[in-house]
Amino acid sequence: MNGGALLQGALSGLAAGGVYAVFAVTLTLMSRLVRIVNFAQAATGMFAAFIAVWFASRLGMPVWLATLAGIVVGALLAALIGWIAATWLSEADLSTRSAMTVGPFLLLMSLSYIMFGNKPQPFAPIFNGPAFTVAGVVVSWVTVITVSLAVIVAVASALVLRKTTIGTKLRALSDRPTTAELIGISSKPLAIGVWAVTGAISAVTILIIAPTQSNDAVSLSMLIIPAAAAALLGGFKRLDLAVVGGLLLGLINGMVAQINELALVRSFVPLLFIVILLLWSQRKEVWDAAR
Amino acid sequence: MKSRILGAAALTAAAALVLSGCAGGESGEGAPIKLGSVNTISGPATFPEASEAAQAVFDQVNADGGINGRMIEYKITDDKADPATATASARELVGSDEVVALVGSASLLDCEINAKYYEQEGVRSIQGIGVDPGCFSSPNIAPANIGPFNDTTLTMLYGSEELGLENLCVLTSVIGSTGPAYQAAVDRWTEITGKEPTFVDDTVPYGGADYTPYIVKAREAGCDGIVANSVEPDAIGLIKAANQQGWDDVTFLLLTSVYSESFAAAVDNSAAGVYVPAEFYPFTEDSDVNADWKALMEENDITLTSFSQGGYLAATFLVEVLESIEGDITRDSVNQALSDMDPIANPMIAYEYQFDRIAAQDYQPGGWPVTLQSGTNAWEQAADDWLMIPAS
């Protein structure tokens with residue numbers, strides 16, 4: 001095993017890492033702003049992307065229009081789940097609200113089986129092929145786009161939260177919900193707005209990556225697991241660490257696949273990542289408090 | 001109180017008598033012939049078409065008056081790819097329903113879990129699609145297909161001997177206990193050709209999202225052919241990862257599980273081509289060989305896949321055997337007839353079907369090479385005859 005192969009492996013994992021990073025950023029946003037870990041995040045994107053393919057292949061829409069329509073569907077779907085959370089679970093704690101999202105996660109997977117069958121969908125690629133080569137290592141367009149998307153979403157979210165009125169209101173609502181409500185900030189439309197935006201981002205992400213990888217309902221929806229592991233690096237609070245977490249997980253995954261001796265642990269990389277982060281985050285706790 | 005207990009006991013006894021009377025009456029002349037199948041219809045990989053196809057065959061037989069006037073009653077169960085449910089499904093069919101044989105099953109784990117039980121109960125199964133290694137090692141199970149392990153040897157033979165590829169890399173996703181069986185399939189190829197694969201990686205994740213790291217590894221190793229046992233979505237993932245790397249001169253040697261219209265529609269760039277030894281006569285081009293099967297499937301709105309070919313064949317074979325039975329059709333008479341049957345030649349498969357010989361794996365497996373070339377989105381035949389595994 002030489003360094004070149006490891007570098008090659010690391011770069012090959014970057015495409016997946018970019019995807020984990022985008023989803024980790026949206027998960028972090030949701031957790032910070034609307035107190036929820038949205039397990040249906042990737043499933044929403046998956047369903048929206050399948051709808052887009054359906055629009056294009058069955059209704060004969062041009063691909064660009066079908067793609068836009070898919071993104072709108074993603075936003076509306078997420079908004080609908082958000083509306084349910086804001087209407088009936090506004091007072092519930094984070095665990096209850098997060099547990100609720102398992103419902104739409106399973107529903108969307110089943111619905112996609114019923115509507116589109118269990119066969120992979122024929123996605124037309126938006127970005128395709130290698131972008132450039134670094135030291136003999138091919139970096140694909142999808143890698144460039146997903147990594148950029150993760151950084152752009154993280155930076156844009158940080159800017160919106162710091163520099164705009166809506167951002168201020170959102171921060172007020174997430175930090176001091178009762179005080180914010182009392183001074184007249186209406187939480188429901190803002191919360192649903194956050195849901196819609198993350199739904200649209202999920203749809204865009206899946207529409208970009210689905211044509212270039214396995215694209216059945218299960219493998220796309222299950223992207224939520226490594227994404228959640230990545231978001232854990234920032235404790236579901238810090239956007240920058242969520243991006244780093246996603247990319248790091250992708251790099252590690254790619255490198256581990258090159259090392260035959262580590263064959264057994266390959267499938268457990270996200271799990272090991274989670275365990276190590278949890279242990280690290282608990283390192284200063286005394287026994288009684290940590291229990 | 002005592003009289004109540006006595007009354008209840010009497011009622012129970014009466015009910016038992018009536019029920020056993022019913023059961024006795026069922027096996028008599030004119031009662032339906034009970035058949036069943038254990039399938040993975042929901043779960044990580046699904047095979048619904050095989051039993052649907054078998055059902056269509058039996059419906060047609062019933063519409064034509066049944067077997068010597070007796071109707072076929074066919075029960076399809078779903079094991080959800082779950083061992084406990086698979087065990088329960090087999091006991092429901094064999095124990096409670098008392099089926100005379102199992103036919104058209106297609107499951108991820110039926111054979112592995114239930115083969116011993118079938119042997120114990122003296123019931124035989126013609127799997128529509130044998131998937132796990134257990135389907136190819138029991139005297140009571142003789143699938144209509146050659147199975148993924150023979151398929152692996154065949155696809156490697158085609159790659160090395162027909163296409164002249166020199167560096168085959170084997171990427172295997174292992175489900176359950178299939179690892180050693182795939183290794184044996186690769187070893188068989190080595191035995192026949194004297195060649196060794198460039199590398200074998202049997203830790204490729206099943207249902208993974210991005211296969212780029214494995215493709216990069218294969219490219220670095222200098223592979224010119226990738227042998228993989230992936231199911232549709234994973235195989236698409238592998239091919240697309242190669243597309244993303246701009247790796248356009250690699251050949252994919254895959255198994256019958258990817259031979260479908262939807263796979264062809266989803267793969268636009270297949271690099272130097274995808275090659276599959278189809279386990280049944282290719283169905284993507286019209287031919288007389290498949291005409292009857294195709295008409296029946298279209299009439300019943302069943303997807304045209306290799307799985308439905310397997311289910312159709314399994315049911316057709318059994319119908320022929322049932323028709324040969326003189327006297328009562330029971331589990332024993334069916335077993336006897338399956339042992340005594342003359343080999344059935346059907347142009348949809350490469351070899352003659354004879355239950356005991358297939359169950360003992362004492363036959364020469366073959367597949368029909370088909371290929372999917374870049375930009376065509378359609379399968380076409382790559383040969384004009386069956387490719388057989390030479391007897392070693």
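All chains are named by letter (A, B, ...) in the order of the sequence lines, taking the proteins before the strands, and each is independently numbered beginning at 1.
Remark: Glu166(B) CD is loosely packed, at most 12 non-hydrogen atoms of other residues, nucleotides or ligands lying under 6.0 Å away.
For Phe149(B) and Tyr182(B), the gap between ring centers is short of 6.0 Å.
Checking side-chain atoms of Asp201(B) against main-chain N and O of Leu171(B) turns up no donor-acceptor pair under 3.5 Å. With hydrogens and angles ignored, the 3.5 Å screen pairs no side-chain donor or acceptor of Thr155(B) with any backbone N or O of Thr152(B).
The residue among Val216(B), Val204(B), Val267(B), Thr46(B) with the most heavy atom pairs within less than 4.5 Å of chain A is Val216(B). Heavy-atom pairs under 4.5 Å with chain B peak, among Ala15(A), Gly13(A), Pro211(A), Gly9(A), at Pro211(A).
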Output, in order, the C-alpha distance, side-chain angles, deciding distance and verdict of side chain to side chain contact (heavy atoms under 4.5 Å, CB included) for Glu261(B) and Leu304(B).
-> CA-CA 8 Å; Glu261(B) 303 272 9; Leu304(B) 301 179; 5.6 Å; no
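For Asn377(B), no part sits under 4.5 Å from any heavy atom of chain A, backbone or side chain. Residue Ala42(A) does not touch chain B at all, counting heavy-atom pairs closer than 4.5 Å.
Distance check, rounded to the nearest 0.5 Å: CZ of Phe307(B) to OG of Ser257(B) gives 6.0 Å.
Interface residues of residues 226-250 of chain B toward chain A, defined by a heavy-atom distance below 4.5 Å and sorted by number: Glu232(B), Pro233(B), Asp234(B), Ile236(B), Gly237(B), Lys240(B), Ala241(B), Asn243(B), Gln244(B), Gln245(B), Gly246(B).
Remark: of the listed residues Ser107(B), Ser42(B), Pro48(B), Ser42(B) is the sole one forming a side chain to side chain contact (heavy atoms under 4.5 Å, CB included) with Asp78(B).
For Phe55(A), there are no ring pair (Phe, Tyr, Trp, His ring centres under 6.0 Å) partners, not counting sequence neighbours.
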